[in-house]
Amino acid sequence: MTFGKGSHLHLIDGSAFIFRAYHALPPLTRKSDGLPVGAVAGFCNMLYRYIEANTGSDAPTHAAVIFDYSGKTFRNDLFPAYKANRPPAPEELVPQFPLTREATRAFNVSCIEIEGFEADDIIGTLSCQAREAGGRVTIISSDKDLMQLIGGGVEMLDPMKNKRIDREGVEEKFGVGPERVVDVQALAGDSVDNVPGAPGIGIKTAALLINEYGDLDTLLARAEEIKQPKRRQALIDNVDQIRVSRDLVKLDCDMVLDFSLDSLEVQTPKLDDLLAFLAKMEFRTIVKRVSERFGVEAPAIPDVPAPAAAMSEAPSAPKPVPFDTETYEKVSTMGALERWIDAIYARGYVAVDTETTSLDEMQAELVGISLCVEPGTACYIPLGHTIGEDDLFGGSNLVDGQLAKSMVLDALKPVLEDDSILKIGQNMKYDAKIFARNGVTVAPYDDTMLMSYALHAGLHNHGMDTLSERYLDHVPIPTKKLLGSGKSMITFDKVEINKAVAYAAEDADVTLRLWQVFKSKLHTEQVTTVYETLERPLSPVLARMEMAGVMVDRDVLSRMSNAFAQKMAGLEAEIHDLAGENFNVGSPKQLGEILFDKMSLPGGKKGKTGAYATGVDILEDLASEGQDLPARVLDWRQLSKLKSTYTDALQRFINPETGRVHTSYVQTGAVTGRLSSTDPNLQNIPVRSDEGRRIREAFIAPKGRKLISLDYSQIELRILAHVAGIDSLKQAFRDGLDIHAMTASEMFGVPIEGMDPMVRRQAKAINFGVIYGISGFGLARNLRIPRSEAQGFIDRYFERFPGIRAYMDDTVAFAKEHLYVQTLFGRKIHTPEIATKGPQAGFAKRAAINAPIQGAAADIIRRAMVRMPDAIRDLPATMLLQVHDELIFEVDEDACDQVIDVVKDVMKNAAYPAVVLDVPIEVDAGIGNNWAEAH
DNA sequence: GACATCACG
DNA sequence: GACGTACGTGATGTCC
């Protein structure tokens, strides 16, 4: 039938169908081989329902499903950052893309995708052609970018809401007719697709302007006439950017297609093909439904479990494969390795684990690699097992029967780097760094440790032993059994290969099984987004930061160490003199006895051990009463801390090869979502005391480069204002007020101008206290005021900001009901202790109040970090460190200002679009030759 | 290996 | 009505 008047074309946005199916359904896999098919199943269901629903009088005469072609489009030539902030598709979705095309053809519906174009362009071109031919068009999609096509017989159907969208619908959404939608979008931009638009102009304002001036070109030509100075400037300053934005959002309706509308005529499905496809996918329910509907016999789907299990198990017993270290294979020929590689390609994913000589990834040598493709089917490839002492020339005695490291890495590299093969690891950042140092960039990867963190933060740690015991009911071979412990501990290269096979392959086996368990649990617990946006993409970013390392000047540290040692010796002599005897100043026990027994100073015992407490607070109290000895001890302790923890220890962490210090970030280290930093901890480098801050002068940039530091200003208080909905706080942030002074002013009724710094200090302590789950006792101790007075402050605070009390009560109630709390971004922090009685309940309560605030701040900086590599891709800048609300970069000195602009922008907008905060986020920046100057 | 202490946000 | 309290981390030295 020729397409013309009376024809009705349906254009289905296929990609939207896929993503909806993916997110709506649990992660189904094909039973026979574990291929992920959840999205395909959902897609088939939707397509089937669509066909069923469109058989009536208004049925389409022509129809097609349009897909995006993966890869760059002409828009990336216009604007390289276009859609640059899109996270990559989830890994288990990737193999399903071609299957959805196959499904479309199986339903005998035309299936269209064209390289270099987005589905939207094809839909645009076909709509225009159909309109010119005099026919009607229905676009089945909810994508607002398609709304510019509406009119003249073209309508949209939102399949989610089952709602038709016509001219009026467009005007409702954009405030203008379809002809002007592009103009509005060009001004407003689109953060989802990374279309810049004009800063500060949203859809509302854009529509207002377009309606006033008629169209975008007129508006831009007469921009000088705009009355509001901000809008005027936003337009004038960004004319080019707005024009590019228009080119980006404007759909290409003039594509040359190598098929005609006529070829899209609706066909009845060929039942045999359709059922064959559905049976191949093992979709039992749809097969049944389709065959009943058409009254044909359903094709048989063999009910076999995985082939390996079929051999050893009766088909009726779907028991999990038991662990058996005897079955693991030692790979010692290239032929055997090739078979494993084939098995990986057949499967589409593989669990990987490395064995090395050290826990320090920057120094560790690769000793072996283990792989697992299905539960119970795992191998170990020994590469660097040695025997005896290393000889004097650095050579070693490799044990016989091992493949050459370079050959194995050459063979595995294409697999480990293959986009379509998912790699699975436990704490994969470690293994990825080992591989990176061996020339292999592992991607993409899933990490069972991170999956567990997204699922179980607050319940237990996420080490493999814990997870295996809890979720697989299996205790893996302990490391200790292989390596021993303490002084007699050996490195993995000295482990006998047969023992290594059992241990290492088991780790890969455990990892794969955990992955299967967590995979579906992420969906049922609704933390897939947390895992996919906040955990998984961060891991490679951290790996890069750690490998980059920060340059540290050894001489600066060494000089400081010497100076500290001298001062300490002087202080020690003074202290012994004051005490009238020699004792170990570093021993709190001995010090306590001197202070409270010998000198009989006021102050009591404390704690389970019965020892006197000699913490900073107590010594400060004594010092303020004029006691010299505790004052000297405080000075001594400060120096001792700086020397032992920083100036001495940091020197030992300078990597001999890179000359830099490489910390390790523990992504699962804090229950709230914060990172922690170890070996060394670079998140607690001194800054509060002048003396300590000088240690930051040792953190430097190489010649020609600078360090820059950017930190969020008051981010936790801003989040509190948002989540608790405190209007006066929000307004204060919008007005850029001094938030602690404003709090004081509200509470005590004093003007902000000329405020007593003491009053401001008290308000600041209360603001922090609120974030920590305030108590009268704690505030009293912090401010060193009577408890009754502190309680008075708190009462007053809650009176002035009643929303905060409500937030705290609601949060605790939520925690009690669900045994977890949640951040704005969906991160769950489990709080099982909240249900207990006794003093722990108090802790749990305060932790529950604090967690969503601290956690949301952590989520925001994580989002910024995930986007950062792309944002600074073409700039001479390296992200080095994160300190909770601060990011530190090393930058070519002539690019600092530019980098600061870009980074600031990413940090400020990091919450968007997942969360639209109703407080502004501010970021401060500094530049310097060292960290002290930059901060 | 537990504990106390203290560095950071 | 008493109890015991600020939230989140990691590294170091002492002492058993």
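Below, all heavy atoms of this structure are taken into account, side chains as well, without hydrogens, waters or symmetry copies. Residue numbers start from 1 in every chain, and the chains themselves are labelled A, B, ... in the order their sequence lines are given, proteins ahead of strands.
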Q.
Could you check whether Ser539(A) and Asp447(A), counting side-chain N and O atoms only, form a donor-acceptor pair closer than 3.5 Å?
A. no

(Q) Nearest to the side chain of Val671(A), heavy atoms from C-beta on, is which of dA7(B), dT9(C), dG9(B)? (A) dT9(C)

Q: Describe the nucleic acid contact of Asp679(A) in one word from base, sugar-phosphate, nothing, applying a heavy-atom distance below 4.0 Å.
A: sugar-phosphate

Q.
Of the options dT5(C), dC7(C), dT5(B), whose atoms approach the side-chain atoms of Arg637(A) most closely?
A. dT5(B)

Q: Would you tell me if any nitrogen or oxygen in the side chain of Arg781(A) comes within less than 4.0 Å of OP1 or OP2 on dA6(C)?
A: yes

Q | Identified side-chain contact (heavy atoms from CB on, under 4.5 Å) partner of Leu880(A) from the options Leu707(A), Leu887(A), Leu682(A) | A | Leu707(A)

(Q) Checking His460(A) now: which residues fulfil side chain to side chain donor-acceptor pair (under 3.5 Å) with it, not counting sequence neighbours? (A) Tyr471(A)

(Q) By the 4.0 Å heavy-atom rule, please label Arg787(A) as base, sugar-phosphate, or nothing. (A) base

Q) Counting only side-chain N and O atoms of Ser676(A), is one of them less than 4.0 Å from OP1 or OP2 of dG10(C)? A) yes

Q. If you measure from the C1' atom in dC3(C) to the same atom in dC8(B), how many Å do you get, rounded?
A. 31 Å

Q: Identify whether any heavy atom of Phe768(A) sits under 4.0 Å from a base atom; if not, whether one sits that close to sugar-phosphate; answer base, sugar-phosphate or nothing.
A: nothing

Q: Round to the nearest Å and state the distance from Asn681(A) atom CG to dT12(C) atom P.
A: 10 Å

Q. Could you give the OH-to-C1' distance, from Tyr712(A) to dG9(B), as a whole number of Å?
A. 14 Å

Q.
I need the residues from residues 640-652 of chain A with at least one non-hydrogen atom less than 4.0 Å from DNA chain C; give them sorted by number, or say none.
A. Lys641(A), Ser644(A), Thr645(A), Ala649(A)

Q) For Ile849(A) and dC7(C), what is the distance between atoms CD1 and C1' respectively, to the nearest whole Å? A) 10 Å

Q: Scan Val666(A) against the nucleic acid and name what it touches under 4.0 Å (heavy atoms): base, sugar-phosphate only, or nothing.
A: nothing

Q: Look at all strands and tell whether Ala790(A) reaches a base, only sugar-phosphate, or nothing, counting heavy atoms closer than 4.0 Å.
A: nothing

Q: Answer yes or no: does a side-chain N or O of Arg846(A) lie under 4.0 Å from OP1 or OP2 of dC7(C)?
A: yes

Q. With a non-hydrogen cut-off below 4.0 angstrom, is Leu675(A) in contact with a base, only sugar-phosphate, or nothing?
A. nothing

Q. In terms of side-chain geometry, is the basic nitrogen of Glu535(A) or Arg827(A) positioned less than 4.0 Å from the acidic oxygen of its partner?
A. yes

Q | Cation-pi, Tyr820(A) ring and Lys828(A) (6.0 angstrom, 45 degrees) | A | yes

(Q) For a quick check of understanding: with a heavy-atom distance under 4.0 Å over all strands, which category does Ile771(A) fall into, base, sugar-phosphate or nothing? (A) nothing

Q. Taking CG from Asn767(A) and C1' from dC7(C), how many angstroms apart are they, rounded to a whole number?
A. 15 Å

Q.
Between dC6(B) and dA2(C), how many Å separate the two P atoms, rounded to a whole number?
A. 33 Å

Q. Between Phe793(A) and Phe748(A), is the gap from one ring center to the other below 6.0 Å?
A. yes

(Q) Just the rounded figure in Å: distance from C1' of dG10(C) to CZ of Phe653(A). (A) 11 Å

Q: Could you check which nucleotide pairs with dC3(C) in any of the strands shown, counting Watson-Crick or G-U wobble with both distances under 3.5 Å?
A: none

Q. What is the nucleic acid contact for Gly615(A), judged by heavy atoms within less than 4.0 Å: base, sugar-phosphate only, or nothing?
A. sugar-phosphate

Q) For DNA chain C, which residues in residues 583-590 of chain A have a heavy atom at a distance below 4.0 Å? A) Asn584(A), Gly586(A), Ser587(A), Lys589(A), Gln590(A)

Q. Between Asp679(A) and Ser664(A), is any side-chain donor less than 3.5 angstrom from a side-chain acceptor?
A. no

Q. Base, sugar-phosphate alone, or nothing: which one does Ala857(A) contact when heavy atoms must sit under 4.0 Å apart?
A. nothing

Q: Could you work out which one of dC7(C), dT5(C), dG10(C) sits closest to the side chain of Thr678(A)?
A: dG10(C)

Q: Give the rounded distance in Å between these two atoms: CD1 of Ile695(A) and P of dT12(C).
A: 13 Å

Q. Would you call Asp859(A) and Arg862(A) a salt bridge, taking side-chain N to carboxylate O under 4.0 Å as the test?
A. no

Q. Where does the angle between the aromatic ring planes of Tyr612(A) and Phe596(A) fall among parallel (under 30°), tilted (30 to 60°) and perpendicular (over 60°)?
A. tilted

**Q.** Counter-base of dC6(B), judged by Watson-Crick or G-U geometry with both distances under 3.5 Å
**A.** dG10(C)

Q) Any Lys/Arg nitrogen of Glu716(A) or Arg674(A) sitting under 4.0 Å from an Asp/Glu carboxylate oxygen of the other? A) yes

Q: Quickly work out the Asn782(A) CG to dC7(C) C1' distance and round it to whole Å.
A: 12 Å

Q. Where the side chain of Asp885(A) is defined as all heavy atoms beyond and including C-beta, which of dG8(C), dG9(B), dT5(B) is the nearest nucleotide?
A. dG9(B)

Q) Is the centre of the Phe801(A) ring less than 6.0 Å from the centre of the Tyr797(A) ring? A) yes

Q) Any salt bridge between Arg784(A) and Asp621(A), counting N to O under 4.0 Å? A) yes

Q | Separation of dT9(C) P from Gln667(A) CD (nearest whole Å) | A | 15 Å

Q. Among the nucleotides dG9(B), dT5(C), dA6(C), which one has an atom lying closest to any side-chain atom of Gln854(A)?
A. dG9(B)

